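Ligands are counted one by one from 1 in listed order, and the atoms in each one are counted from 1 as well. Just so it is clear, the structure is predicted and the values come from calculations on it, not from any experiment.
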Amino acid sequence: MTFEELKALDHQYTMQTYGRFDVALDHGEGSTLYDLEGQPYVDFASGIGVASLGYSHPAWVQAVEAQSKKLAHASNLFYTEPYAKLARQLCLRSGMSAAFFANGGGEANEGIIKLARKYSFDKYGKGRATIITLHNSFHGRTITTLQATGQDVFHNYFFPFTEGFRYAETPDMAGVQAQDGADVCAVMIELIQGEGGVLPLDKGFVQALADWCASKDYLLLVDEVQTGIGRTGSLFCFQQYGILPDACTFAKGIAGGLPMAGVLANEKCRNVLTPGTHATTFGGNPVAAAAALAVLDTLDDAMMAQINEKGQYLMDTVRSWNAPCVETVRGMGLMVGIVLKDGVDRSALVSAVYDRHVLVLTAGPKTIRLLPPLVITKEEMDTGLAALHAVLCGE
Ligand SMILES: *Cc1c(COP(=O)(O)O)cnc(C)c1O
């Protein structure tokens, strides 16, 4: 099939909900992807932070192949080894106490919203169900997580949304406390707002928020769908903020390309969701869980150090160009935002980058976002950086 034939087929038979790039991906190796004609692209996107081990990683392929031959599905009415082993790994390496597996980030966030409301209901009864979230946040596309998302553009068309969310206008204690009230049960945050523009929260604010939530018995919910699973140079980003959330979510990178997500709860919250109160047909699928175990095995301490070094290298290199269109470069680990100056035509720059066969993402109104596979090599980074240099410096 040629690219034009594929594009026509897609347009004829699929709901056109995506503004796709003009690229059809066929296969990948390491952190390089190939289109239908076999042309290579350096991947600074990993899908959207999903392909944490790049493509055709031997340990990942082996784990998926072995588990798919053994048992591909079991339902959650039965015990399976990959499920329990994955939960153990995640708990031991995060300091959290118990896991629940889901299939996507929005769905996992629904899980912590339910957990927070039930925690409060069990203890205080009805009327304490409001969750404070932050302006600029992104928590998903379900009716409830759209409303949890603190960006007005998401609050359209699909009325009525789920009630019980208020937005802190500024990411600080004054902003959060302005939304306080007798109806509050939790505060939900991303430590680095990904879709919002790669915006890291201030460490002092996050620690003060954790203390304040503890003093009020509000649950602190951390959405690590994008920041989790090694992306920021530690298994979870909260480990670098010096806090332990009451519950957190993860998704994108967990299974290295297979659909999987989940919830972790701390000791206080591990028993809130009881039999019959939360469930999923697919969540914790054995093949996805086996893939996730291969991802976690690969993400050892040496790998975390490399993620930090590589992220620093990307940021230092882009900064060193002093490109006239760039306002600032920020991020943590391999989650990097190149913030463009006001008035710069981002979509023109991004298509020029794609023309040079490098895949990047955008975030917020004026940021180019890089989320490369965590295993990206120096050579692949340099190939991608050369294209970025040419475009950002107008060569
Ligand atoms: C991507 C993302 C989501 C939504 O995840 P889906 O798997 O698309 O449902 C939620 N929260 C954050 C922070 C995300 O980056």
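For the residues N103, D223, T249, the heavy atom positioned nearest atom 13 (C) of ligand 1 is part of D223. Comparing E190, R231, K252 by heavy-atom distance to atom 15 (O) of ligand 1, the nearest is K252.
For the side-chain contact (heavy atoms from CB on, under 4.5 Å) criterion with Q89, the lone passing option out of L293, L299, L235, V295 is L293.
At least one N/O-N/O distance between F138 and ligand 1 falls below 3.5 Å. The shortest N or O to N or O distance between Q226 and ligand 1 is below 3.5 Å.
Between the side chains of D217 and Y119, at least one donor-acceptor pair of N or O atoms lies under 3.5 Å.
Counting heavy-atom neighbours within 6.0 Å of E327 CD, excluding the residue itself, gives a total above 12. Other residues, nucleotides and ligands contribute over 12 non-hydrogen atoms within 6.0 Å of the NE2 atom of H357.
Those atoms of ligand 1 that come under 4.0 Å of a heavy atom in G106, given as number and element, are 4 (C), 5 (O), 6 (P), 9 (O). For ligand 1, the atoms closer than 4.0 angstrom to any heavy atom of N109 are 10 (C), 11 (N).
Under a cutoff of 6.0 Å and an axis angle of 45°, R117 and F165 form a cation-pi pair.
Proximity of the aromatic rings of Y167 and H135 is defined here by a centroid distance below 6.0 angstrom, and this criterion is not met.
Proximity of atom 8 (O) of ligand 1 to the protein is not indicated, since no non-hydrogen protein atom lies closer than 4.0 angstrom.
The shortest contact between atom 5 (O) of ligand 1 and any protein heavy atom is with G105 CA, 3.3 Å.
Between the side chain of N285 and the backbone N or O of A72 there is at least one donor-acceptor pair closer than 3.5 Å.
At a 4.0 Å heavy-atom cut-off, ligand 1 does not touch I48 at all.
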